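All values below come from the heavy atoms of this structure, side chains included, with hydrogens, waters and symmetry mates left out. Nothing here was measured: the structure is a model prediction, and the numbers come from that model.
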Protein chains: 2
Amino acid sequence: MALEHAILVSLLEKPGSGYELARRFERSIGYFWTATHQQIYRVLKRMEADGLLDVREVPQQGRPDKKEYSVATPGRTALSQWLHEPIEPESVRHDLAVKIRGAAFDDPAALIREVERHHRAHSGRLAHYLAGEQRDFTGPEAPAPPDAGQELQHVVLRGGIAYERMTLAWLDDVLATLHRLHAGH
Amino acid sequence: MALEHAILVSLLEKPGSGYELARRFERSIGYFWTATHQQIYRVLKRMEADGLLDVREVPQQGRPDKKEYSVATPGRTALSQWLHEPIEPESVRHDLAVKIRGAAFDDPAALIREVERHHRAHSGRLAHYLAGEQRDFTGPEAPAPPDAGQELQHVVLRGGIAYERMTLAWLDDVLATLHRLHAGH
DNA sequence: CATTACATGTAAGACGTTACATGATTAT
DNA sequence: ATAATCATGTAACGTCTTACATGTAATG
């Protein structure tokens with residue numbers, strides 16, 4: 001049920017429409033929580049009905065009107081409450097690991113292309129994160145005395161960077177293993 | 001829909017009952033794919049109805065009888081087909097990262113305990129993985145010429161170990177950041 | 001002329017979680 | 001006695017994904 005909380009955090013960082021939230025879930029906050037627009041619109045309605053959010057109809061010119069959501073007081077309370085509740089360290093789901101173990105019953109070499117694809121995707125993400133870090137935190141444009149919010153956003157981004165680097169190193173290991181098995185050895 | 005595939009892989013590694021599968025999803029295969037027994041029983045029934053699995057009633061003494069599932073030919077085909085389909089690099093969901101960003105709107109210091117709890121949990125997992133690696137792959141009991149299946153299981157386990165080490169280092173970074181913010185900076 | 005961006009939604013079905021339910025055996 | 005392990009399930013509910021549905025405006 002943390003989609004609600006991710007939305008609360010994102011709307012506290014900046015109010016916005018369902019569409020805008022969907023875009024953020026493709027970037028920034030989407031690095032550690034994904035959601036599609038269908039999900040977002042549904043949850044926004046429920047959260048509004050529950051009084052967690054305020055809506056404001058914003059007429060626009062040359063564009064469809066939008067509904068700008070912002071966090072109401074009960075929403076802040078709900079977030080605060082959740083922050084004080086312990087959560088379980090999340091359980092992982094790695095399709096690729098299932099595939100790798102499954103390859104023992106098929107052709108391990110056939111997985112090489114797939115693993116290379118994942119490697120490229122993670123390289124791309126890493127480059128994207130590093131560019132974002134440069135832009136927002138370590139580059140010349142970055143605000144000199146960062147506030148708490150920025151420090152916290154940065155440490156989360158550093159986590160994403162560490163994750164991608166670790167994953168790339170592991171995928172290299174996987175590729176080496178697959179090549180070794182292919183060579184007969 | 002990869003639960004089906006994880007079950008196929010696990011049953012190919014060794015046939016077993018729903019209960020046994022549920023146990024495996026708490027260990028071995030559960031390191032990268034989780035499922036509860038309720039889910040497993042439901043999916044096993046569906047897979048049997050779909051002809052992917054064979055069942056054998058095994059009477060036992062001093063214990064309830066069990067149904068031993070094994071992979072039928074169409075199940076092997078289905079797995080093979082999935083292995084040859086490209087999958088998307090998975091999208092992540094990190095509650096803790098949402099909490100960290102949310103802490104900017106609450107009390108960052110209140111998160112310290114929570115992060116420490118996660119740190120302990122991941123330390124435990126790492127120790128568990130390392131013990132498993134020692135037992136099955138690098139210890140004196142490990143089979144000298146490992147086959148493809150073991151090589152692949154090992155590289156997946158190495159991924160789990162790398163993930164836990166990376167996570168612990170990141171949690172140290174998070175704690176240092178939270179302490180810095182608490183100190184007033 | 002086609003595509004991308006902006007903007008919001010519905011519906012069906014798959015998947016996952018939590019709670020409930022039962023019952024024997026083994027270990028403390 | 002109590003709890004843990006073995007063993008299998010149902011029911012209710014909530015979440016998530018995929019496909020469908022519509023329409024304008026800007027960009028190439």
Measuring only between side-chain heavy atoms, which start at C-beta, is His119(A) closer than 4.5 Å to Asp172(A)?
yes

So Leu130(B) and Arg165(B), do their side chains get closer than 4.5 Å, heavy atoms only?
yes

For dG16(C) and Arg93(A) - does any side-chain N or O of the residue sit under 4.0 Å from the phosphate oxygens OP1/OP2?
yes

Taking only the side-chain nitrogens and oxygens of Gln39(A), find out if one of them lies under 4.0 Å from OP1 or OP2 of dT17(D).
yes

Please state how far atom [atom1] in [X] lies from atom [atom2] in [N], giving the value in whole angstrom units.
X	N	atom1	atom2	answer
Leu21(A)	dG9(C)	CG	P	13 Å
Gln61(A)	dA25(D)	CD	C1'	13 Å
Ile40(B)	dT18(C)	CD1	P	15 Å
Ile87(B)	dT17(D)	CD1	P	15 Å
Met47(B)	dA14(C)	CE	C1'	15 Å
Leu3(B)	dC16(D)	CG	C1'	15 Å
Leu44(B)	dG9(D)	CG	P	9 Å
Gln38(A)	dG13(C)	CD	P	17 Å

Which of parallel (below 30°), tilted (30 to 60°) and perpendicular (above 60°) describes Phe137(B) and His154(B)?
parallel

Per-nucleotide protein contact string for nucleotides 2-7 of chain C, where B marks a base within reach and S marks sugar-phosphate only (heavy atoms under 4.0 Å, - for neither)
---SBB

Salt bridge or not for Glu48(A) and Lys45(A), using N-O below 4.0 Å?
no

Is it true that, when you exclude Arg117(B) itself, more than 12 heavy atoms of the residues, nucleotides or ligands shown sit nearer than 6.0 Å to its CZ?
yes

For Ala127(A), the side chain to side chain contact (heavy atoms under 4.5 Å, CB included) test, sequence neighbours excluded, returns none

For the hydrophobic clusters of this structure (ILVMFWY residues joined by side-chain heavy atoms under 4.5 Å, transitively), does one cluster hold both Tyr19(B) and Leu8(B)?
no

Starting at the 5' end of DNA chain C and moving along, which residue's nearest nucleotide shows up first, Val43(B) or His37(B)?
Val43(B)

Hey, which sits more toward the 5' end of DNA chain D by its nearest nucleotide, Glu68(B) or Arg42(A)?
Glu68(B)

